[in-house]
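Side chains are part of it too, since the values below use all heavy atoms of this structure and drop only hydrogens, waters and symmetry mates. Positions are given from 1, in the same order as the sequence printed here.
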Amino acid sequence: MDGKEQDQTVDEGRKAVFKIPSTAYLAIGLLTVCVTPIALGEIGGLQWLYVFPLGLFVFVARWRTVATRRGLAVRTVFGHRDLPWSALKGLAITGKSRVRAVLQDDTQVALPTVRTRHLPVLALVSEGAVQDPSGVLGDEDVRTANPDGTASAASAASAAETTTGTTPAETSEPEADPGK
């Protein structure tokens with residue numbers, strides 16, 4: 001990796017990809033197998049039934065939201081939109097726990113596959129640009145990374161304490177007893 005590529009990877013910071021699980025491709029494959037006897041059977045002209053598995057394949061491959069330090073990248077079946085954190089006024093939650101980005105002009109943009117349970121992750125990736133309404137993360141957890149792209153030791157320790165309930169010193173292996 002040359003210096004330019006290394007600078008780009010360090011600059012990205014944290015990244016979260018919200019997408020449909022890859023196991024959906026198994027269901028699409030099963031649908032294709034089930035459609036095949038009908039599409040290629042004795043009745044001619046039913047090959048158009050392969051449009052359904054193909055459409056689902058494209059849907060699963062494209063439908064996602066990517067959150068980075070710079071903002072959100074929203075990708076739908078027919079389009080792509082980049083939303084920098086500075087362009088957001090906030091986030092709106094729909095009745096079915098879906099999340100929408102509210103822009104400065106009060107227009108709302110649906111965030112594919114992002115649910116309310118993902119809000120702490122968005123707060124962590126945005127490095128404080130989006131607040132965590134759940135209260136799972138504290139201010140020290142959302143701290144900006146060091147210039148070299150690594151989290152500070154205090155930040156890493158508090159993240160370990162938050163996720164496991166123990167400090168890094170408590171998770172070490174016990175020493176062997178010399179008397180045994």
Side-chain angles (χ1 to χ4, degrees), residues 1-127 129-134 136-137 142 145 149 159 163:
M1 183 178 345
D2 65 359
K4 187 175 184 180
E5 289 179 15
Q6 188 176 13
D7 290 343
Q8 289 175 347
T9 57
V10 169
D11 187 45
E12 279 191 32
R14 296 178 177 131
K15 178 179 180 181
V17 177
F18 305 99
K19 64 179 186 168
I20 298 172
S22 298
T23 54
Y25 292 115
L26 291 174
I28 295 168
L30 181 63
L31 178 64
T32 305
V33 168
C34 291
V35 165
T36 298
I38 298 167
L40 301 178
E42 293 180 14
I43 301 172
L46 292 178
Q47 289 83 12
W48 62 269
L49 289 173
Y50 285 118
V51 168
F52 295 112
L54 183 63
L56 286 172
F57 183 86
V58 170
F59 177 79
V60 170
R62 295 225 8 116
W63 196 259
R64 70 184 59 204
T65 301
V66 179
T68 62
R69 174 188 297 175
R70 292 183 217 109
L72 297 169
V74 178
R75 196 165 84 176
T76 60
V77 175
F78 298 112
H80 177 83
R81 187 167 184 183
D82 289 322
L83 303 170
W85 295 116
S86 60
L88 295 181
K89 189 178 195 180
L91 298 172
I93 300 171
T94 66
K96 295 185 178 185
S97 298
R98 295 187 176 155
V99 179
R100 294 177 170 264
V102 180
L103 303 179
Q104 296 294 341
D105 60 354
D106 289 332
T107 59
Q108 293 188 3
V109 176
L111 301 178
T113 67
V114 178
R115 302 292 181 255
T116 54
R117 67 178 180 266
H118 298 132
L119 291 176
V121 175
L122 285 176
L124 192 63
V125 170
S126 71
E127 297 178 351
V130 173
Q131 298 300 319
D132 175 24
S134 67
V136 172
L137 298 174
V142 186
T163 57

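Gln47 meets the side-chain contact (heavy atoms from CB on, under 4.5 Å) test with Leu40; sequence neighbours excluded. The side-chain contact (heavy atoms from CB on, under 4.5 Å) test applied to Ala27 returns no partner, not counting sequence neighbours.
Scanning both residues, Leu122 and Phe18, for their nearest heavy atoms gives CD2-CE1, 3.8 Å. For Leu91 against Ala101, the heavy-atom pair with the smallest separation is CD2-CA, 4.0 Å. Nearest heavy-atom pair across Lys89 and Asp106 is NZ-OD1, 2.6 Å. The shortest non-hydrogen separation linking Pro53 to Thr32 is CB-OG1, 3.2 Å. Of all heavy-atom pairs spanning Val99 and Thr116, the tightest one is CG2-N, 3.8 Å. Minimum interatomic distance between Ala129 and Trp85 (heavy atoms only, all atoms of both residues): CB-CB, 3.7 Å.
Here the options are Thr94, Leu103, Val102, the test is side chain to side chain contact (heavy atoms under 4.5 Å, CB included), and the partner is Gln108; only Val102 passes.
The backbone N or O of Ser97 sits nowhere less than 3.5 Å from a side-chain atom of Arg115 that would complete a donor-acceptor pair. With Thr113 contributing its side chain and Arg64 its backbone, the two residues share no donor-acceptor pair below 3.5 Å. Counting only distance, with no hydrogens or angles, the side chain of Arg75 and the backbone of His80 share no donor-acceptor pair below 3.5 Å. With Thr65 contributing its side chain and Pro112 its backbone, the two residues share a donor-acceptor pair below 3.5 Å. Proximity of a side-chain donor or acceptor of Gln104 to a complementary backbone N or O of Leu88 within less than 3.5 Å is detected. Listed for the Arg14 side chain is no donor-acceptor partner under 3.5 Å among the backbone atoms of Val121. No donor-acceptor pair under 3.5 Å is formed between the side chain of Arg100 and the backbone N or O of Thr107.
Of the inter-residue distances, the one linking Leu124 atom CG with His118 atom NE2 reads 13.5 Å to the nearest 0.5 angstrom. Going from atom CG of Leu54 over to atom CG of Leu49 covers 12.5 Å, rounded to the nearest 0.5 Å. The CD1 atom of Ile28 lies 10.0 Å from the OG1 atom of Thr23; values are rounded to the nearest 0.5 Å. Note that CZ of Phe59 and OG1 of Thr76 are 9.5 Å apart. Values are rounded to the nearest 0.5 Å. Remark: Arg70 CZ to Lys15 NZ distance equals 9.5 Å, nearest 0.5 Å.
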Inset, instruction - Output, in order, the C-alpha distance, side-chain angles, deciding distance and verdict of side chain to side chain contact (heavy atoms under 4.5 Å, CB included) for Val109 and Leu72. - result: CA-CA 11 Å; Val109 176; Leu72 297 169; over 6 Å; no
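Atom CG of Leu26 has more than 12 neighbouring heavy atoms from other residues, nucleotides or ligands inside a 6.0 Å radius. Dense packing is recorded around OH of Tyr50, with more than 12 heavy atoms of other residues, nucleotides or ligands lying under 6.0 Å away.
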